[in-house]
Number of protein chains: 2
Amino acid sequence: MDNKFIEKASGAIADKYRLQILQALSEKGTLNNSDIQEMTGLSQPCVSHHVKTLIDSGLVNSHKEGRNQNLSLNKEGLKDLSGFLNKLT
Amino acid sequence: MDNKFIEKASGAIADKYRLQILQALSEKGTLNNSDIQEMTGLSQPCVSHHVKTLIDSGLVNSHKEGRNQNLSLNKEGLKDLSGFLNKLT
DNA sequence: TCTATACATTTAAAAGTTTGGATGCATTGG
DNA sequence: CCAATGCATCCAAACTTTTAAATGTATAGA
């Protein structure tokens, strides 16, 4: 397991909005940036930033469709992080 | 599961030195601040700060013995975080 | 008691993060 | 083609984190 991934992924989770996004993706399966903007009340550039952080972390996948960016959980990434933490115990 | 705990705990992991400390605790069981200072090469106040962050996060336990602070993993905390991430998938 | 050791706290500087306004670009619908 | 929509980028302000030097407090040993 690459420590750089662990750092990035855990850092991505360590924010209330990004955590909210992850939980919403877990429940709903997919969201686009507008959904997130509505859900969080954040500005569009701010949502764009948080979404980028999540994608860069490897915890979220992006599927572009026309002008929409559909997001979904990267379950592999989440499992890798979860498994890493579990192995520490 | 309390989101505040998830945010704090993941934030605590999202740093190379704190991650290194967690991994060392996992391998060795216990460490004190001097061990960590030697291991990381950080200054004593800086180690003190990172250790405080880890303790505050609920991922590390502190057992004071005289002038030594012995640290160990809080396995419950790690399992809680790991379980939370797993449930997202 | 005096000294050394272990850790905490205060302070301050540098670096990074979060946020929104303004703007730009691409796609879609009329 | 034009207007509207969805997202990215640039910029700047506010805030937080990281780090170490200086200093303080407590315990342990000579």
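Letters A, B, ... are given to chains in the order of the sequence lines, protein chains preceding strands, and every chain is numbered from 1. None of the values given here were measured: they were computed from a predicted structure.
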B/Asn32 CG - C/dA6 C1' separation (whole Å): 8 Å
Protein-nucleotide distance (B/Lys16, atom NZ; D/dT19, atom P), rounded to Å: 8 Å
Interatomic distance, B/Gln20 CD vs D/dT18 P [rounded to whole Å]: 15 Å
Backbone of B/Ile6 reached by a side-chain donor or acceptor of B/Ser10 within 3.5 Å: yes
Shortest side-chain distance from B/Ser48, nucleotide among C/dT19, C/dT9, C/dA22: C/dT9
Between CD1 on residue B/Ile13 and CD1 on residue A/Ile13, distance to nearest 0.5 Å: 8.0 Å
Selected nucleotide, minimal atom distance to A/His50 side chain, candidates D/dT19, C/dT18, D/dA8: C/dT18
Rounded distance (Å) that lies between atom C1' of C/dC7 and atom CD1 of B/Ile21: 14 Å
5' precedence on DNA chain D between B/Ala14 and A/His49 (nearest-nucleotide basis): A/His49
Comparing A/Gln44 and A/Glu65 on DNA chain C - which has the more 5′ nearest nucleotide: A/Gln44
Rounded distance (Å) that lies between atom C1' of D/dT18 and atom CD of A/Glu7: 13 Å
Nucleotide of D/dG6, D/dT9, C/dC7 approaching B/Gln69 most closely (side-chain heavy atoms): C/dC7
Short side-chain to backbone donor-acceptor contact, B/Asn68 and B/Asn70, under 3.5 Å: no
Distance, rounded to the nearest Å, where A/Leu71 contributes CG and D/dG6 contributes C1': 12 Å
Nearest-angstrom distance from the residue atom CG of B/Asn33 to P of C/dA8: 5 Å
Check: B/Ser82 side chain, B/Lys79 main-chain N or O, donor-acceptor pair, under 3.5 Å: no
DNA chain C: 5'-proximal contact among A/Arg18 and A/Arg67 (nearest heavy atom): A/Arg18
Distance, rounded to the nearest Å, where A/Leu42 contributes CG and D/dC7 contributes P: 15 Å
C/dC7 OP1/OP2 closer than 4.0 Å to side-chain N/O of B/Ser34: yes
Criterion side-chain contact (heavy atoms from CB on, under 4.5 Å) against B/Leu42, the qualifying member of B/His50, B/His49, B/Gln37: B/His50
